[in-house]
Amino acid sequence: MIYNDFGDLKLSALGMGCMRLPLKDKKIDVDQVRQMVKYAFDNGVNYFDTAWGYHDGESEKVMGEVLADYPRDSFYLASKFPGYDVSNIGKQEEIFATQLKKCRVDHFDFYLIHNVCETNIEGYLDEGYGVVEYFVEQKKLGKIKHLGCSVHAQIGPMKRFFEKWGRYMEFCQIQLNYVDYDFQDAKLKLDLLKQYGIPVWVMEPLRGGKLADLPAPLADKVDAIRDDENRIGMAFRYLQSFPQVKVVLSGMSSLEQIKQNIATFSTFKPATPQETQILYETAKALTGKNTLPCTGCAYCTSYCPQKLNIPELVKYYNDYLVTDGGFLAPMAIGAMPDDKKPSACVACRSCEAVCPQRIKISEAFADFSEKLGLKR
């Protein structure tokens, strides 16, 4: 197992994500989880990542039960405050106490302000709710050893969060893979975190498994990059090329998956620039298939009578198409005022008259509104 330094700690470069644990009869298969955790321990994995909302609240409970079989100082446990649900903002004390009980621990080694995004940024910034302040205090009390955050936001809300609370954040978890480096502006997030000197934890390294299940022509292309590596291995080798990355979290659902991933992380063989270029070409082919060719020139916005941020809306539309809906686009659009959503488009086509890419924006926004169930 590769280990990375974090202060005086040695963290396994592969962490076990507990969002996609194996199921049996629609419930977490605890026996199989025990086998996976044992194999992980025996082969050097020491970082386990759960959260309040994973498996409808059962992930923390099961991981607490399974990890209780091991000495507390032999692993690092991470969980998160569920601010993705804004109704939880202000309930941090009762939620945190419940999490400690569910996980059967008296402290979390790593704790995250979860899913900083457009829908909850105001709640996280509002000192009246005291969310971040509460967890800073828990760190002082020793109930949290290291405090960080996870981010699904666009770069704007992320900057606001770090301008306010960056001095307290020791690490940050972002969605990073060779598709989202450009597609979801992960490169901008990496740059921002570098400015703050904050190390990176990676979530969705395989984009929810989509990079393991590429269309045949693209799969063959990626599998052929190295004789001794498949598409899954290459996705991880890509992440090994980022010095900022300390932990890669993989939501493994079977013993076979954990064996395969541990084998990859037993060696440090980062993707070369030439190999990375092939992966970026694959990403472009993957995302460009059904997406709109917007370059973000913003010529259109000056001509929109509704003052819509058309490039931003197009970006969310593309994300919706590529992820078959996903959660990012619905979440971001849901946080917008009604007069800034795609449903506010009046189909005047003024934007289309000046679009260098000749995108049929009004038709795209009509489709987007229908997909999201928005009234026009």
message: Can you tell whether the side chains of Asp109 and Lys145 come within less than 4.0 Å, N to carboxylate O?
response: no
task: Begin with the C-alpha distance, continue with both residues' side-chain angles, and end with the deciding distance and a verdict on side-chain hydrogen bond (donor to acceptor under 3.5 Å, both in side chains) for Ser362 and Arg349.
output: CA-CA 6 Å; Ser362 60; Arg349 301 184 185 275; 3.0 Å; yes
- prompt: Under a 4.5 Å side-chain heavy-atom rule over Ile, Leu, Val, Met, Phe, Trp and Tyr, are Leu188 and Met203 clustered together?
  reply: no
message: According to a hydrophobic-cluster definition based on side-chain heavy atoms being under 4.5 Å apart (Ile, Leu, Val, Met, Phe, Trp, Tyr only), do Leu112 and Tyr168 belong together?
response: no
field: Ion pair Glu122/Lys164, N-O distance below 4.0 Å
entry: no
- request: Let me know which of Phe135, Phe81, Trp52 forms a ring-ring contact (aromatic ring centres under 6.0 Å, His included) with Phe96.
  value: Phe135
- prompt: Cationic tip of Lys143 within the cone over Phe108's six-membered ring, i.e. under 6.0 Å and within 45° of the normal?
  reply: no
query: In this structure, are over 12 heavy atoms from other groups packed under 6.0 Å from Lys159 atom NZ?
result: no
- prompt: Would you say Asp223's side chain and Asn230's backbone share a donor-acceptor pair under 3.5 angstrom?
  reply: no
message: What verdict does the side chain to side chain contact (heavy atoms under 4.5 Å, CB included) test give for Tyr39 and Val45, after you've listed the backbone C-alpha separation in whole Å, the side-chain angles of each residue and the deciding distance to 0.1 Å?
response: CA-CA 9 Å; Tyr39 189 89; Val45 174; over 6 Å; no
message: Can you confirm whether Asp228 is buried at CG, in the sense that more than 12 heavy atoms of other residues, nucleotides or ligands lie under 6.0 Å from that atom?
response: yes
message: Name the residue from Val151, Val200, Leu249 that meets the side chain to side chain contact (heavy atoms under 4.5 Å, CB included) definition with Gln173.
response: Leu249
message: Would you call the rings of Phe242 and Tyr181 parallel, tilted or perpendicular, taking 30° and 60° as the class edges?
response: tilted
message: So which atom in Leu176 and which in Val202 form the shortest heavy-atom distance, rounded to 0.1 Å?
response: O-CG1, 3.4 Å
field: Electrostatic pair Lys80:Asp49 at N-O distance under 4.0 angstrom
entry: yes
task: Would you give the length of the straight line joining atom CG of Leu279 to atom CG of Leu218, rounded to the nearest 0.5 angstrom?
output: 11.0 Å
query: How about Lys269: does its NZ atom have over 12 heavy atoms from other parts shown lying under 6.0 Å from it?
result: no
message: Check whether Asn115 reaches the backbone of Cys149 with its side chain - one donor and one acceptor, N or O, closer than 3.5 Å.
response: no
- prompt: Taking atom types as modelled and ignoring hydrogens, do the side chains of Gln184 and Asp319 form a donor-acceptor contact shorter than 3.5 angstrom?
  reply: yes
query: What's the shortest heavy-atom distance between His107 and Gly142, and which atoms?
result: CB-O, 3.4 Å
task: With side-chain hydrogen bond (donor to acceptor under 3.5 Å, both in side chains) as the test, would you mind laying out the steps for Thr267 and Arg237 before giving the verdict?
output: CA-CA 10 Å; Thr267 58; Arg237 298 302 184 193; 2.9 Å; yes
query: Any side-chain donor paired with an acceptor under 3.5 Å for Asp367 and Tyr317?
result: yes
query: Going by an N to O cut-off under 4.0 Å, is there a salt bridge joining Lys194 and Asp191?
result: no
message: Please identify which of these residues, Leu286, Asn177, Thr287, meets the side chain to side chain contact (heavy atoms under 4.5 Å, CB included) condition with Phe183.
response: Thr287
message: Quick check: closest heavy atoms across Gly325 and Pro330, and the distance to 0.1 Å?
response: O-CD, 3.5 Å
- prompt: Could you go step by step and tell me if Ser59 and Thr50 meet the side-chain hydrogen bond (donor to acceptor under 3.5 Å, both in side chains) rule?
  reply: CA-CA 6 Å; Ser59 176; Thr50 185; 2.8 Å; yes
message: Looking at Glu137, I want to see if its CD is surrounded by more than 12 non-hydrogen atoms of other residues, nucleotides or ligands under 6.0 Å.
response: yes
query: Within the side chain of Glu229, is there an N or O that forms a donor-acceptor pair under 3.5 Å with the backbone of Gly233?
result: no
- prompt: Would you say the side-chain atoms of Glu170 pair up with the backbone N or O of Ile198, donor to acceptor, closer than 3.5 Å?
  reply: no
statement: With Asp180 as partner, the option from Arg207, Lys189, Lys210 fulfilling salt bridge (charged side-chain N to carboxylate O under 4.0 Å, His left out) is Arg207
query: Does atom CG of Asp56 have more than 12 heavy-atom neighbours from other groups under 6.0 Å away?
result: no
query: Do Glu65 and Lys102 sit within salt-bridge range, that is, some charged N less than 4.0 Å from a carboxylate O?
result: no
statement: Minimal heavy-atom distance between His114 and Ser150, with the atoms involved, is CD2-OG, 3.0 Å
query: Do the charged groups of Glu275 and Arg226 touch, with an N to O distance under 4.0 Å?
result: yes
- prompt: With distance as the sole test, does Asn120 use its side chain to make a donor-acceptor pair with the main-chain N or O of Gly83 at under 3.5 Å?
  reply: yes
message: Under a 4.0 Å threshold between the charged nitrogen and the carboxylate oxygen, would Asp69 count as salt-bridged to Lys38?
response: no
query: What residues, two or more places apart in sequence or in another chain, satisfy side chain to side chain contact (heavy atoms under 4.5 Å, CB included) together with Lys27?
result: none
task: Kindly state whether the ring of Tyr3 and the ring of Phe265 have centres lying under 6.0 angstrom apart.
output: no
message: Can you tell me if Glu281 has over 12 outside heavy atoms packed within less than 6.0 Å of its CD?
response: yes
task: Might you work through the side chain to side chain contact (heavy atoms under 4.5 Å, CB included) test for Leu372 and Ile333, ending with a clear yes or no?
output: CA-CA 9 Å; Leu372 294 175; Ile333 299 299; 3.8 Å; yes
Check: Cys345 main-chain N/O paired with Gln306 side-chain donor or acceptor under 3.5 Å: no
Sole candidate of Val245, Ile2, Val248 that passes side chain to side chain contact (heavy atoms under 4.5 Å, CB included) when paired with Gln240: Ile2
task: Hey, could you give me the CZ/CG distance between Phe368 and Asn318, rounded to the nearest 0.5 Å?
output: 9.0 Å
- request: Apply the test side chain to side chain contact (heavy atoms under 4.5 Å, CB included) to residues Phe162 and Cys172: give CA-CA distance (whole Å), side-chain angles for both, the deciding distance (0.1 Å), then the verdict.
  value: CA-CA 10 Å; Phe162 275 91; Cys172 182; 4.0 Å; yes
- request: Test Tyr47 against every option in Phe171, Phe110, Phe75, Tyr76 by the ring-ring contact (aromatic ring centres under 6.0 Å, His included) rule and name the one that passes.
  value: Phe110
- prompt: Looking at Leu77 and Arg72, what are the two nearest heavy atoms and their distance?
  reply: CB-NH2, 4.2 Å
query: Which heavy-atom pair separates Gln32 from Ser253 by the least distance, and what is that distance?
result: OE1-O, 3.9 Å
message: Does Lys340, at its NZ atom, have more than 12 non-hydrogen atoms belonging to other residues, nucleotides or ligands within less than 6.0 Å?
response: yes
field: Pair Ser79, Glu60: side-chain N/O donor-acceptor within cut-off below 3.5 Å
entry: yes
field: Salt bridge flag under 4.0 Å for residues Glu352 and Arg358
entry: no
Exercise: do Gln92 and Tyr129 side chains pair donor with acceptor under 3.5 Å: no
Chi angles and distances behind the side chain to side chain contact (heavy atoms under 4.5 Å, CB included) call for Asn261, Met252: CA-CA 9 Å; Asn261 292 350; Met252 296 167 280; 3.3 Å; yes
